[in-house]
Asks: 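Before I ask anything, here is the structure I am working with.
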Amino acid sequence: MRIVVASGKGGTGKTTIATSLALVAAEHGSVHFLDCDVEAPNAGLFLHPQLTDTKDVGILIPQVNENRCTYCGECAKACQFHAIVTVGKKVLVFPELCHGCGSCALVCPEKAITEQLDVLGVLQGGRASSQIGFTQGVLNVGEPMAVPIIRELKQWELFSSASIEIRDAPPGASCPVVETLRGADYALLVTEPTPFGLHDLKQVVEVARELGIPSGVIINRDGIGNTDVELYCKEIGLPILMRIPMQREIAEGIASGKTLLDVSLDYHLSFKQLYEILLREGNL
Amino acid sequence: MKIAISINGSDLNALFDPRFGRAQAFCIVDSESADYQIFSNAAVAASGGAGVAAAQFVAEYRVDAVISGSYGPNAYETLSAANIKMYTLAGGGELNIQDVIEKFSAGELGEPQVPDHEGFHGRGRGFGGGRRRGSF
(Lines give C-alpha, C1' and ligand atoms only; values in the text may rest on other atoms or scores of the structure.)
Protein backbone atom coordinates (compact mmCIF):
# COMPACT_ATOMS: atom_id res chain seq x y z
CA MET A 1 0.00 0.00 0.00
CA ARG A 2 1.34 3.38 -1.06
CA ILE A 3 0.36 6.54 0.79
CA VAL A 4 1.33 10.03 -0.35
CA VAL A 5 1.31 12.96 2.05
CA ALA A 6 0.74 16.11 0.00
CA SER A 7 -0.59 19.56 0.78
CA GLY A 8 -0.70 22.14 -1.94
CA LYS A 9 0.44 24.95 0.31
CA GLY A 10 3.93 24.64 1.69
CA GLY A 11 4.63 24.51 5.41
CA THR A 12 1.32 22.97 6.42
CA GLY A 13 2.90 19.95 8.07
CA LYS A 14 3.39 17.24 5.44
CA THR A 15 6.63 16.01 6.94
CA THR A 16 5.22 16.26 10.46
CA ILE A 17 2.36 13.97 9.47
CA ALA A 18 4.37 11.64 7.25
CA THR A 19 7.09 10.93 9.82
CA SER A 20 4.69 10.29 12.72
CA LEU A 21 2.59 8.07 10.47
CA ALA A 22 5.69 6.12 9.46
CA LEU A 23 6.63 5.47 13.09
CA VAL A 24 3.16 4.16 13.90
CA ALA A 25 2.94 2.11 10.69
CA ALA A 26 6.29 0.53 11.57
CA GLU A 27 4.64 -1.03 14.64
CA HIS A 28 2.49 -3.07 12.25
CA GLY A 29 4.84 -3.94 9.43
CA SER A 30 7.84 -2.92 7.38
CA VAL A 31 7.78 0.65 6.07
CA HIS A 32 9.54 2.31 3.18
CA PHE A 33 9.64 6.07 3.66
CA LEU A 34 10.41 8.17 0.56
CA ASP A 35 11.21 11.84 0.92
CA CYS A 36 10.10 13.07 -2.52
CA ASP A 37 10.57 16.75 -1.66
CA VAL A 38 13.86 16.60 -3.53
CA GLU A 39 14.43 20.35 -3.47
CA ALA A 40 14.42 20.40 0.33
CA PRO A 41 14.27 16.90 1.80
CA ASN A 42 14.02 17.18 5.57
CA ALA A 43 12.15 14.12 6.81
CA GLY A 44 15.53 12.65 7.74
CA LEU A 45 15.74 15.24 10.53
CA PHE A 46 12.90 13.40 12.27
CA LEU A 47 13.57 9.78 11.28
CA HIS A 48 17.39 9.85 11.65
CA PRO A 49 18.30 7.31 8.95
CA GLN A 50 21.83 5.94 8.56
CA LEU A 51 22.36 6.78 4.90
CA THR A 52 24.43 3.91 3.56
CA ASP A 53 23.56 3.82 -0.15
CA THR A 54 23.78 6.50 -2.81
CA LYS A 55 23.08 6.60 -6.52
CA ASP A 56 23.67 9.41 -9.01
CA VAL A 57 20.59 10.14 -11.09
CA GLY A 58 19.70 12.43 -13.93
CA ILE A 59 18.49 12.44 -17.49
CA LEU A 60 20.01 11.19 -20.71
CA ILE A 61 21.09 14.09 -22.87
CA PRO A 62 22.27 13.93 -26.47
CA GLN A 63 25.88 13.87 -27.46
CA VAL A 64 26.47 14.50 -31.16
CA ASN A 65 29.17 12.78 -33.13
CA GLU A 66 30.03 15.61 -35.53
CA ASN A 67 31.86 13.19 -37.84
CA ARG A 68 28.56 11.52 -38.64
CA CYS A 69 26.27 14.58 -38.42
CA THR A 70 25.11 16.00 -41.75
CA TYR A 71 23.36 18.99 -40.10
CA CYS A 72 20.05 17.91 -41.60
CA GLY A 73 18.20 19.44 -38.66
CA GLU A 74 15.84 16.49 -38.02
CA CYS A 75 16.87 16.46 -34.35
CA ALA A 76 16.01 20.15 -33.97
CA LYS A 77 12.62 19.57 -35.61
CA ALA A 78 11.87 16.68 -33.26
CA CYS A 79 12.85 18.55 -30.09
CA GLN A 80 9.87 20.19 -28.41
CA PHE A 81 12.11 22.09 -26.02
CA HIS A 82 14.63 23.68 -28.44
CA ALA A 83 17.39 21.88 -26.60
CA ILE A 84 19.19 20.88 -29.79
CA VAL A 85 19.57 23.10 -32.81
CA THR A 86 21.45 23.12 -36.08
CA VAL A 87 22.67 26.38 -37.57
CA GLY A 88 24.68 26.10 -40.76
CA LYS A 89 27.40 23.51 -40.20
CA LYS A 90 27.04 23.49 -36.45
CA VAL A 91 24.90 21.59 -34.00
CA LEU A 92 24.35 22.97 -30.53
CA VAL A 93 23.01 21.13 -27.49
CA PHE A 94 21.55 23.02 -24.53
CA PRO A 95 21.53 20.51 -21.67
CA GLU A 96 19.60 22.90 -19.43
CA LEU A 97 16.67 22.87 -21.86
CA CYS A 98 16.75 19.10 -22.42
CA HIS A 99 14.05 16.94 -20.84
CA GLY A 100 15.83 13.70 -21.73
CA CYS A 101 13.08 12.31 -23.94
CA GLY A 102 15.47 10.80 -26.48
CA SER A 103 13.51 11.95 -29.56
CA CYS A 104 16.58 13.49 -31.18
CA ALA A 105 18.54 10.23 -31.01
CA LEU A 106 15.51 8.34 -32.30
CA VAL A 107 14.98 10.47 -35.40
CA CYS A 108 18.64 11.01 -36.33
CA PRO A 109 19.01 9.35 -39.76
CA GLU A 110 22.79 9.20 -39.39
CA LYS A 111 22.77 7.65 -35.92
CA ALA A 112 25.07 10.48 -34.93
CA ILE A 113 23.44 11.00 -31.51
CA THR A 114 24.27 8.95 -28.47
CA GLU A 115 22.84 9.65 -25.02
CA GLN A 116 24.85 10.25 -21.90
CA LEU A 117 23.78 10.67 -18.30
CA ASP A 118 23.57 14.27 -17.14
CA VAL A 119 23.60 14.05 -13.34
CA LEU A 120 20.91 16.23 -11.76
CA GLY A 121 21.04 14.89 -8.24
CA VAL A 122 21.50 11.90 -6.02
CA LEU A 123 19.42 9.26 -4.29
CA GLN A 124 20.36 8.38 -0.73
CA GLY A 125 19.04 5.57 1.38
CA GLY A 126 19.50 3.59 4.54
CA ARG A 127 17.72 2.24 7.59
CA ALA A 128 15.98 4.58 10.02
CA SER A 129 15.12 1.59 12.22
CA SER A 130 14.77 -2.14 11.86
CA GLN A 131 11.29 -1.58 10.43
CA ILE A 132 11.78 1.66 8.48
CA GLY A 133 13.79 1.85 5.30
CA PHE A 134 14.40 5.46 4.33
CA THR A 135 15.21 6.91 0.91
CA GLN A 136 15.38 10.48 -0.32
CA GLY A 137 16.20 12.31 -3.50
CA VAL A 138 18.40 15.38 -3.45
CA LEU A 139 18.25 17.67 -6.45
CA ASN A 140 21.50 19.49 -7.10
CA VAL A 141 21.41 23.19 -6.27
CA GLY A 142 20.62 25.21 -9.38
CA GLU A 143 18.80 22.38 -11.14
CA PRO A 144 15.08 23.11 -11.42
CA MET A 145 13.90 19.75 -12.82
CA ALA A 146 12.77 17.64 -9.88
CA VAL A 147 10.65 15.10 -11.73
CA PRO A 148 13.46 12.84 -13.04
CA ILE A 149 14.84 12.55 -9.49
CA ILE A 150 11.44 11.66 -8.05
CA ARG A 151 10.80 9.13 -10.80
CA GLU A 152 14.13 7.42 -10.12
CA LEU A 153 13.54 7.56 -6.36
CA LYS A 154 10.24 5.69 -6.78
CA GLN A 155 11.95 3.05 -8.87
CA TRP A 156 14.94 2.58 -6.58
CA GLU A 157 14.59 -0.94 -5.22
CA LEU A 158 16.46 -0.54 -1.95
CA PHE A 159 13.40 -1.16 0.25
CA SER A 160 10.83 -2.18 -2.33
CA SER A 161 9.81 -5.25 -0.34
CA ALA A 162 8.31 -3.14 2.48
CA SER A 163 4.60 -3.71 3.09
CA ILE A 164 3.74 -0.02 3.32
CA GLU A 165 5.19 2.87 1.40
CA ILE A 166 4.89 6.46 2.64
CA ARG A 167 5.86 9.25 0.25
CA ASP A 168 6.42 12.74 1.60
CA ALA A 169 5.49 14.99 -1.35
CA PRO A 170 6.90 18.35 -2.32
CA PRO A 171 4.59 21.35 -1.83
CA GLY A 172 2.50 22.67 -4.69
CA ALA A 173 0.39 20.92 -7.27
CA SER A 174 2.72 20.90 -10.26
CA CYS A 175 4.68 18.15 -12.01
CA PRO A 176 6.81 17.02 -9.03
CA VAL A 177 3.63 16.49 -6.99
CA VAL A 178 1.94 14.70 -9.89
CA GLU A 179 4.93 12.39 -10.19
CA THR A 180 4.90 11.73 -6.43
CA LEU A 181 1.17 10.94 -6.48
CA ARG A 182 1.27 8.74 -9.56
CA GLY A 183 0.75 5.10 -8.61
CA ALA A 184 -0.34 5.88 -5.03
CA ASP A 185 -3.27 4.16 -3.33
CA TYR A 186 -4.20 7.04 -1.07
CA ALA A 187 -3.44 10.75 -0.80
CA LEU A 188 -3.35 12.35 2.64
CA LEU A 189 -3.78 16.07 2.09
CA VAL A 190 -2.50 18.24 4.91
CA THR A 191 -3.81 21.78 5.02
CA GLU A 192 -4.40 24.66 7.36
CA PRO A 193 -7.72 26.46 7.78
CA THR A 194 -6.66 29.65 6.03
CA PRO A 195 -7.51 31.11 2.61
CA PHE A 196 -4.04 30.11 1.34
CA GLY A 197 -4.41 26.61 2.72
CA LEU A 198 -7.80 26.23 1.05
CA HIS A 199 -6.71 27.71 -2.27
CA ASP A 200 -3.79 25.32 -2.63
CA LEU A 201 -5.72 22.37 -1.18
CA LYS A 202 -8.25 22.72 -4.00
CA GLN A 203 -5.49 22.44 -6.56
CA VAL A 204 -4.01 19.27 -5.12
CA VAL A 205 -7.50 17.77 -4.68
CA GLU A 206 -8.01 18.29 -8.41
CA VAL A 207 -4.70 16.55 -9.15
CA ALA A 208 -5.57 13.56 -6.97
CA ARG A 209 -9.02 13.28 -8.55
CA GLU A 210 -7.55 13.49 -12.03
CA LEU A 211 -5.24 10.62 -11.12
CA GLY A 212 -8.11 8.67 -9.54
CA ILE A 213 -6.49 8.52 -6.10
CA PRO A 214 -8.80 8.49 -3.05
CA SER A 215 -8.01 11.32 -0.65
CA GLY A 216 -8.63 12.55 2.85
CA VAL A 217 -7.75 15.77 4.61
CA ILE A 218 -5.81 16.55 7.76
CA ILE A 219 -6.34 20.02 9.17
CA ASN A 220 -3.22 21.26 10.90
CA ARG A 221 -3.08 24.40 13.07
CA ASP A 222 -6.76 23.87 13.70
CA GLY A 223 -8.34 26.88 15.39
CA ILE A 224 -6.74 29.60 13.29
CA GLY A 225 -8.28 31.11 10.15
CA ASN A 226 -11.86 30.26 9.31
CA THR A 227 -14.16 27.32 8.54
CA ASP A 228 -13.95 27.51 4.75
CA VAL A 229 -11.76 24.40 4.50
CA GLU A 230 -14.35 22.39 6.41
CA LEU A 231 -17.19 23.73 4.27
CA TYR A 232 -15.26 22.89 1.12
CA CYS A 233 -14.53 19.35 2.31
CA LYS A 234 -18.18 18.81 3.20
CA GLU A 235 -19.31 20.22 -0.13
CA ILE A 236 -17.18 17.88 -2.24
CA GLY A 237 -17.39 14.88 0.09
CA LEU A 238 -13.78 14.85 1.21
CA PRO A 239 -13.30 13.22 4.64
CA ILE A 240 -11.46 15.14 7.37
CA LEU A 241 -9.40 12.41 8.99
CA MET A 242 -7.56 14.29 11.70
CA ARG A 243 -7.18 17.70 13.28
CA ILE A 244 -4.06 19.00 14.93
CA PRO A 245 -4.58 22.11 17.03
CA MET A 246 -2.46 25.25 16.85
CA GLN A 247 -0.28 24.76 19.93
CA ARG A 248 3.00 26.25 20.97
CA GLU A 249 4.29 22.95 22.36
CA ILE A 250 3.86 21.31 18.95
CA ALA A 251 5.79 24.10 17.23
CA GLU A 252 8.54 23.86 19.84
CA GLY A 253 8.66 20.07 19.52
CA ILE A 254 8.93 20.14 15.72
CA ALA A 255 11.56 22.87 15.91
CA SER A 256 13.66 20.64 18.15
CA GLY A 257 13.36 17.63 15.83
CA LYS A 258 10.61 15.77 17.66
CA THR A 259 7.78 13.94 15.92
CA LEU A 260 4.20 14.46 17.06
CA LEU A 261 4.44 11.12 18.85
CA ASP A 262 7.24 12.56 21.00
CA VAL A 263 5.31 15.76 21.68
CA SER A 264 2.30 14.01 23.17
CA LEU A 265 1.29 10.41 23.80
CA ASP A 266 -2.21 11.28 22.60
CA TYR A 267 -0.92 11.41 19.05
CA HIS A 268 0.07 7.78 19.19
CA LEU A 269 -3.58 6.85 19.38
CA SER A 270 -4.66 9.39 16.76
CA PHE A 271 -2.07 8.14 14.29
CA LYS A 272 -2.95 4.52 14.99
CA GLN A 273 -6.57 5.34 14.16
CA LEU A 274 -5.46 7.23 11.07
CA TYR A 275 -3.34 4.28 9.98
CA GLU A 276 -6.30 1.94 10.35
CA ILE A 277 -8.50 4.24 8.28
CA LEU A 278 -5.83 4.35 5.58
CA LEU A 279 -5.54 0.57 5.51
CA ARG A 280 -9.27 0.39 5.00
CA GLU A 281 -9.59 3.19 2.45
CA GLY A 282 -6.45 2.43 0.49
CA ASN A 283 -7.26 -1.22 0.01
CA LEU A 284 -10.74 -0.58 -1.32
CA MET B 1 23.12 43.21 -45.63
CA LYS B 2 20.06 41.43 -44.19
CA ILE B 3 19.05 42.53 -40.72
CA ALA B 4 16.35 41.05 -38.49
CA ILE B 5 14.70 43.51 -36.10
CA SER B 6 12.56 42.26 -33.21
CA ILE B 7 9.19 44.03 -33.37
CA ASN B 8 5.97 44.16 -31.43
CA GLY B 9 3.42 43.99 -34.24
CA SER B 10 2.72 42.47 -37.61
CA ASP B 11 3.18 45.32 -40.09
CA LEU B 12 5.56 48.12 -40.97
CA ASN B 13 4.00 50.40 -38.34
CA ALA B 14 5.02 47.99 -35.58
CA LEU B 15 7.24 49.27 -32.81
CA PHE B 16 10.59 47.87 -31.82
CA ASP B 17 10.39 45.04 -29.25
CA PRO B 18 13.42 44.89 -26.95
CA ARG B 19 12.82 41.19 -26.27
CA PHE B 20 14.47 38.79 -28.69
CA GLY B 21 13.08 35.29 -28.04
CA ARG B 22 9.65 36.56 -27.07
CA ALA B 23 9.28 39.25 -29.73
CA GLN B 24 5.97 39.03 -31.53
CA ALA B 25 7.62 39.18 -34.94
CA PHE B 26 10.79 39.92 -36.85
CA CYS B 27 11.14 42.44 -39.62
CA ILE B 28 13.89 41.31 -41.98
CA VAL B 29 15.26 44.30 -43.86
CA ASP B 30 17.77 44.42 -46.68
CA SER B 31 19.84 47.50 -45.88
CA GLU B 32 20.84 48.05 -49.51
CA SER B 33 17.57 47.55 -51.35
CA ALA B 34 15.36 48.54 -48.38
CA ASP B 35 13.18 45.51 -49.14
CA TYR B 36 11.52 44.15 -46.05
CA GLN B 37 9.51 41.16 -44.94
CA ILE B 38 7.74 40.54 -41.65
CA PHE B 39 7.55 37.09 -40.09
CA SER B 40 5.68 36.26 -36.92
CA ASN B 41 7.86 34.60 -34.30
CA ALA B 42 6.60 31.09 -33.55
CA ALA B 43 8.85 30.98 -30.48
CA VAL B 44 6.79 33.66 -28.72
CA ALA B 45 4.57 30.96 -27.21
CA ALA B 46 7.27 28.34 -26.59
CA SER B 47 7.27 26.96 -23.06
CA GLY B 48 11.04 27.13 -23.02
CA GLY B 49 13.98 27.68 -25.29
CA ALA B 50 12.37 30.67 -27.03
CA GLY B 51 15.75 32.33 -27.51
CA VAL B 52 17.20 29.25 -29.21
CA ALA B 53 14.14 28.83 -31.42
CA ALA B 54 14.07 32.51 -32.44
CA ALA B 55 17.79 32.43 -33.18
CA GLN B 56 17.38 29.36 -35.36
CA PHE B 57 14.43 31.03 -37.07
CA VAL B 58 16.37 34.14 -38.10
CA ALA B 59 19.38 31.99 -39.03
CA GLU B 60 17.21 30.11 -41.52
CA TYR B 61 16.54 33.41 -43.28
CA ARG B 62 20.29 33.86 -43.55
CA VAL B 63 20.35 37.26 -41.93
CA ASP B 64 23.72 38.89 -41.31
CA ALA B 65 22.68 40.78 -38.20
CA VAL B 66 19.93 41.10 -35.63
CA ILE B 67 18.79 44.13 -33.67
CA SER B 68 17.05 43.59 -30.33
CA GLY B 69 17.15 44.87 -26.78
CA SER B 70 19.18 42.06 -25.24
CA TYR B 71 20.03 38.40 -25.77
CA GLY B 72 19.87 35.52 -23.33
CA PRO B 73 22.82 33.13 -23.11
CA ASN B 74 21.21 30.48 -25.33
CA ALA B 75 20.17 32.95 -28.01
CA TYR B 76 23.62 34.48 -27.86
CA GLU B 77 25.31 31.13 -28.32
CA THR B 78 23.04 30.10 -31.20
CA LEU B 79 23.38 33.43 -33.01
CA SER B 80 27.16 33.36 -32.51
CA ALA B 81 27.32 29.83 -33.94
CA ALA B 82 25.39 31.06 -36.97
CA ASN B 83 27.82 33.98 -37.37
CA ILE B 84 25.04 36.49 -36.97
CA LYS B 85 26.13 39.87 -35.66
CA MET B 86 24.11 41.07 -32.66
CA TYR B 87 23.24 44.70 -32.03
CA THR B 88 21.47 46.08 -29.00
CA LEU B 89 19.22 49.06 -28.61
CA ALA B 90 18.51 50.13 -25.05
CA GLY B 91 14.93 51.18 -24.39
CA GLY B 92 13.65 51.86 -27.88
CA GLY B 93 10.08 50.74 -27.20
CA GLU B 94 8.79 53.98 -28.79
CA LEU B 95 10.76 53.55 -32.00
CA ASN B 96 9.35 52.16 -35.23
CA ILE B 97 11.25 50.06 -37.75
CA GLN B 98 12.37 53.12 -39.74
CA ASP B 99 13.75 54.77 -36.59
CA VAL B 100 15.69 51.61 -35.72
CA ILE B 101 17.22 51.41 -39.20
CA GLU B 102 18.23 55.07 -38.98
CA LYS B 103 19.92 54.45 -35.65
CA PHE B 104 21.68 51.45 -37.17
CA SER B 105 22.86 53.50 -40.16
CA ALA B 106 24.05 56.25 -37.83
CA GLY B 107 26.12 53.70 -35.90
CA GLU B 108 24.19 54.38 -32.70
CA LEU B 109 23.54 50.77 -31.73
CA GLY B 110 25.41 48.87 -29.04
CA GLU B 111 26.70 45.31 -28.97
CA PRO B 112 25.86 42.75 -26.29
CA GLN B 113 28.27 41.93 -23.53
CA VAL B 114 29.22 38.26 -23.55
CA PRO B 115 26.62 36.69 -21.30
CA ASP B 116 27.69 34.88 -18.20
CA HIS B 117 27.81 31.18 -19.11
CA GLU B 118 28.28 29.69 -15.71
CA GLY B 119 27.75 26.16 -17.05
CA PHE B 120 29.88 26.72 -20.11
CA HIS B 121 33.10 25.60 -18.52
CA GLY B 122 31.85 24.01 -15.36
CA ARG B 123 31.00 20.42 -16.19
CA GLY B 124 32.86 19.46 -19.30
CA ARG B 125 29.75 19.18 -21.38
CA GLY B 126 31.35 19.85 -24.73
CA PHE B 127 28.41 21.89 -25.98
CA GLY B 128 25.89 23.92 -24.21
CA GLY B 129 25.19 27.15 -22.55
CA GLY B 130 23.74 28.38 -19.31
CA ARG B 131 22.46 26.34 -16.45
CA ARG B 132 18.83 27.30 -16.34
CA ARG B 133 16.71 24.30 -17.12
CA GLY B 134 13.06 24.72 -18.01
CA SER B 135 10.59 23.12 -15.69
CA PHE B 136 8.39 20.31 -16.88
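Residue numbers begin at 1 in each chain, while the letters A, B, ... track the order of the sequences. Keep in mind that the numbers below use all heavy atoms, side chains included, and drop hydrogens, waters and symmetry copies.
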Asks: State which residue, out of Phe20(B), Phe16(B), Phe39(B), fulfils the ring pair (Phe, Tyr, Trp, His ring centres under 6.0 Å) condition with Phe26(B).
Replies: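 The single option meeting the ring pair (Phe, Tyr, Trp, His ring centres under 6.0 Å) with Phe26(B) is Phe20(B).
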Asks: Can you confirm whether Glu102(B) is buried at CD, in the sense that more than 12 heavy atoms of other residues, nucleotides or ligands lie under 6.0 Å from that atom?
Replies: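 Correct, the count exceeds 12.
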Asks: Determine the interplanar angle of the Tyr87(B) and Phe104(B) rings, folded into 0 to 90°, and report it as parallel if under 30°, tilted if 30 to 60°, perpendicular if over 60°.
Replies: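 Rings of Tyr87(B) and Phe104(B): perpendicular, as their planes differ by over 60°.
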Asks: Answer with side chain, backbone, both or neither: which region of Ala59(B) has an atom nearer than 4.5 Å to a non-hydrogen atom of chain A?
Replies: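 For Ala59(B), side-chain heavy atoms alone lie under 4.5 Å from chain A.
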Asks: Measuring only between side-chain heavy atoms, which start at C-beta, is Ile3(A) closer than 4.5 Å to Asp185(A)?
Replies: no
Asks: With only heavy atoms counted, which part of Ala76(A) is less than 4.5 Å from chain B, the side chain, the backbone, both or neither?
Replies: side chain
Asks: Report which part of Ser174(A) has an atom under 4.5 Å of a heavy atom belonging to chain B: side chain, backbone, both, or neither.
Replies: neither
